[in-house]
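Data first, discussion second: the structure below is written as structure tokens.
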Amino acid sequence: MTAAMVENDQDSEGRPWDYLLRTWQELDVPEGWRAEIDEGQIVLVPPPHAHHNGIAERVQRLLYRGLTGELGIYQTLGVHVAPLDKLYVPDLVVMPTELIAAADPETSDPLDASEALLIVEITSKGNAREDRTKKYRAYARAGVPMYLLIDRFDMRGAMATLFTEPNEDGTYKHSDAVPFGKPLTLPDPFDVTLLTADFPAPRLS
């Protein structure tokens with residue numbers, strides 16, 4: 001992960017968040033990279049490993065089996081965590097399609113993370129800590145009902161964890177964790193079971 005690309009401009013007018021958001025909207029990010037706003041700065045995230053993309057594709061394909069046309073799954077959607085003035089681009093976001101259709105065609109504003117039904121993050125070597133801590137807390141604070149963390153680099157071994165019932169203090173009341181190789185069930189409105197045995201795990205060094 002490459003950080004500190006843009007920091008708060010003390011001479012800009014208005015709130016620091018407004019300045020960061022304008023800068024984020026104007027960025028020409030290299031293809032495959034993502035730009036996020038965290039801790040008062042813009043962070044560039046490089047393209048992930050092919051196995052990372054393979055897991056995202058498997059999860060997306062499975063989730064669509066249980067969804068109606070009112071919900072969509074998006075891979076490059078910016079979401080704003082309003083309570084913390086953060087902006088993330090998760091690996092997968094499940095969001096009502098009507099919100100996507102209603103987005104302003106003239107701007108690239110992020111959508112409110114609180115509108116998401118499910119957010120999925122798949123760890124890479126360079127960002128695993130952020131997915132486990134910062135993003136976990138941020139999504140809980142935003143009130144995202146379900147956060148699926150697919151952690152290929154967990155010290156206990158590759159794990160998939162579904163967090164549900166967010167608290168305002170930035171935690172989730174419940175978590176269901178399984179090692180790769182065991183199934184993980186996602187509740188309504190998905191009602192599907194992830195077969196994590198199909199997920200490629202990194203080689204142990």
Side-chain angles (χ1 to χ4, degrees), residues 1-7 20-64 72-81 84-95 100 103 107-113 116-139 142 144 146-155 157-163 180 184 194-205:
M1 180 178 293
T2 303
M5 176 181 170
V6 177
E7 296 188 3
L20 284 168
L21 179 59
R22 287 196 305 271
T23 304
W24 179 84
Q25 291 169 328
E26 295 168 359
L27 281 178
D28 184 12
V29 180
E31 184 176 358
W33 289 63
R34 292 176 294 166
E36 301 183 327
I37 299 176
D38 194 8
E39 305 295 339
Q41 63 186 9
I42 293 178
V43 178
L44 282 182
V45 183
H49 190 279
H51 287 171
H52 181 289
N53 289 323
I55 292 174
E57 188 275 332
R58 287 175 183 272
V59 173
Q60 183 170 13
R61 184 151 34 99
L62 181 66
L63 291 177
Y64 264 126
I73 305 170
Y74 306 96
Q75 289 197 23
T76 57
L77 183 66
V79 295
H80 177 207
V81 181
L84 301 175
D85 273 348
K86 295 175 182 283
L87 189 160
Y88 293 132
V89 183
D91 290 303
L92 296 172
V93 184
V94 178
M95 185 81 71
I100 304 299
T107 63
S108 57
D109 288 336
L111 296 188
D112 196 322
L117 276 74
L118 169 71
I119 286 180
V120 181
E121 294 284 10
I122 303 163
T123 61
S124 298
K125 279 186 178 180
N127 70 2
R129 182 182 178 87
E130 284 76 13
D131 290 347
R132 296 171 194 149
T133 57
K134 289 183 180 180
K135 292 187 178 182
Y136 165 86
R137 291 191 293 267
Y139 297 146
V144 177
M146 287 181 267
Y147 174 38
L148 176 60
L149 175 62
I150 299 175
D151 192 346
R152 301 172 59 236
F153 301 95
D154 191 302
M155 296 299 293
M159 303 281 291
T161 305
L162 179 66
F163 299 99
F180 277 21
L184 178 63
L194 292 178
L195 301 178
T196 65
D198 296 335
F199 294 169
R203 293 181 180 176
L204 297 176
S205 56

Stepwise side-chain contact (heavy atoms from CB on, under 4.5 Å) check, Val94 with Val120
CA-CA 9 Å; Val94 178; Val120 181; over 6 Å; no

Quick one: are [X] and [Y] in side-chain contact, heavy atoms under 4.5 Å?
X: Phe199; Y: Ile150; answer: yes
X: Asn53; Y: Pro47; answer: no
X: Ser108; Y: Trp24; answer: yes
X: Leu118; Y: Leu92; answer: no
X: Met95; Y: Val79; answer: yes
X: Tyr147; Y: Asp131; answer: yes

What are the two closest heavy atoms between [X] and [Y], and how far apart are they?
X: Leu21; Y: Pro110; result: CD1-CD, 3.7 Å
X: Ser124; Y: His52; result: OG-CD2, 3.4 Å
X: Ile55; Y: Pro200; result: CG1-CD, 3.7 Å
X: Ala201; Y: Phe180; result: CB-CD2, 4.0 Å
X: Ala116; Y: Ile119; result: CB-CG1, 4.0 Å
X: Val89; Y: Ala35; result: CG2-O, 3.6 Å

Measuring from atom [atom1] of [X] to atom [atom2] of [Y], what distance do you get when rounded to the nearest 0.5 angstrom?
X: Lys135; Y: Thr133; atom1: NZ; atom2: OG1; result: 10.0 Å
X: Asn127; Y: Arg34; atom1: CG; atom2: CZ; result: 7.0 Å
X: Leu117; Y: Leu63; atom1: CG; atom2: CG; result: 11.0 Å
X: Thr123; Y: Arg129; atom1: OG1; atom2: CZ; result: 14.0 Å
X: Gln25; Y: Leu87; atom1: CD; atom2: CG; result: 9.0 Å
X: Met146; Y: Leu162; atom1: CE; atom2: CG; result: 7.0 Å

Results of salt bridge (charged side-chain N to carboxylate O under 4.0 Å, His left out) for Asp151 - residues two or more places apart only:
Arg132

Sequence neighbours left out, what passes salt bridge (charged side-chain N to carboxylate O under 4.0 Å, His left out) with Arg152? Give chain and number order.
none

Go through the steps to decide whether Ile37 and Asp85 satisfy the test side-chain contact (heavy atoms from CB on, under 4.5 Å), and finish with yes or no.
CA-CA 8 Å; Ile37 299 176; Asp85 273 348; over 6 Å; no

Start with the C-alpha gap between Gln60 and Asp91, add the side-chain angles, then the distance that decides, and say whether side-chain contact (heavy atoms from CB on, under 4.5 Å) holds.
CA-CA 10 Å; Gln60 183 170 13; Asp91 290 303; over 6 Å; no

Stepwise side-chain hydrogen bond (donor to acceptor under 3.5 Å, both in side chains) check, Tyr88 with Glu121
CA-CA 10 Å; Tyr88 293 132; Glu121 294 284 10; over 6 Å; no

So salt bridge (Lys or Arg N to Asp or Glu O under 4.0 Å) across residues 37-53, not counting sequence neighbours, yields Asp38-Lys86, Asp38-Lys134, Glu39-Lys86

Could you go step by step and tell me if Leu184 and Leu148 meet the side-chain contact (heavy atoms from CB on, under 4.5 Å) rule?
CA-CA 10 Å; Leu184 178 63; Leu148 176 60; 3.7 Å; yes

Please check if the side chain of Asp154 supplies one atom and the backbone of Met159 the other of a donor-acceptor pair under 3.5 Å.
no

